[in-house]
Amino acid sequence: MRFRKLQYFVTVAEELHFGRAAQRLHISQPPLSQQIKSLEDELEATLFDRTSQRVILTKAGEALLPQAKSLLQMWQNTQEQVKAVSKGEEGNLSVGFIWATGTPHFSKSIGEFKKIQQSHTQFRKYEYSGCTTGSQFR
C-alpha cells in the first residue's frame, strides 16, 4: 500500500464526493476512482457506498479513516525529521567542560547557538570537577 492511496482515501472521505476530491488532489476523477478501487481490493473491503446521488463511508471506511490520518501524519513527521537531521537542524550535541572554568562560557555559547540555529537539537552537558579520561563523552 502506498501513502498516496491513503491520501486519496482521506481526501475522498473528507469531501464525500469524488469530483471535489479529485479537484483538491489536482488529478482527474477516473484515476482517483481507480486508486480507491485498488485500495479496496488490497484491503479486501469496500470503503465507500457509492450512488449517483452520494458517497458515504462504510463501516470499514470509518475504521480506516482515523488510522489513515494517523499514518499520514506520522509519515509527514518522519520526513520532516529526516530532512532536519540531514540539514544539521536536529540532532544531539554533547559538550563536556570543567565546571570552574567552563560554566560562564558554556552558558553564553549555548544560548548563542540556540538563537542562531533555532533548531531542535538535544543538548547534554557534562560537568567535571577533576581529571577525566574522556570516556564519559561517548
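Keep in mind that this is a model prediction, so the values were computed, not measured.
Of the N and O atoms on the side chains of Thr11 and Gln7, at least one donor lies less than 3.5 Å from an acceptor on the other residue. Side-chain contact check for Ser38 and Gln34: no donor-acceptor pair (N or O, by modelled atom type) lies under 3.5 Å. Side chains of Asn77 and Gln73: a donor-acceptor N/O pair is present below 3.5 angstrom, by distance only.
Residues Tyr8 and Ile56 do not share a hydrophobic cluster, clusters being chains of Ile/Leu/Val/Met/Phe/Trp/Tyr side chains in contact below 4.5 Å. Transitive grouping of hydrophobic side chains (ILVMFWY, heavy atoms separated by less than 4.5 Å) brings Phe3 and Leu47 into a common cluster.
Put simply, the side chain of Glu42 reaches to within 4.5 Å of the side chain of Lys5, judged on heavy atoms. No side-chain heavy atom of Pro30 sits less than 4.5 Å from a side-chain heavy atom of Ser33. No side-chain heavy atom of His17 sits less than 4.5 Å from a side-chain heavy atom of Arg24.
Distance OG1/Thr78 to CG/Leu71: 10.0 Å, rounded to 0.5 Å. Atom-to-atom distance recorded for Leu39:CG and Arg2:CZ is 12.5 Å, nearest 0.5 angstrom. Atoms CG and CD1, from Asp41 and Ile36 in turn, are 11.5 Å apart once rounded to the nearest 0.5 Å. The distance from the NZ atom of Lys59 to the CG atom of Asp49 is 11.0 Å, given to the nearest 0.5 Å. Atoms CZ and CG, from Arg4 and Leu6 in turn, are 12.0 Å apart once rounded to the nearest 0.5 Å.
Between the side chain of Ser86 and the backbone N or O of Val82, no donor-acceptor pair lies under 3.5 Å.
Taking each heavy atom of Leu72 and Val10 in turn, the nearest pair found is CD1-CG2, 3.9 Å. Counting all heavy atoms, side chain and backbone alike, Leu32 lies closest to Ala22 at CD2-N, 3.5 Å.
Phe9 and Phe48 have tilted rings, their planes meeting at an angle from 30° to 60° on a 0 to 90° scale.
Look at Arg50 and Glu40 and you find a salt bridge, because one of the NZ, NE, NH1 or NH2 atoms lies within 4.0 Å of a carboxylate O, short of that distance.
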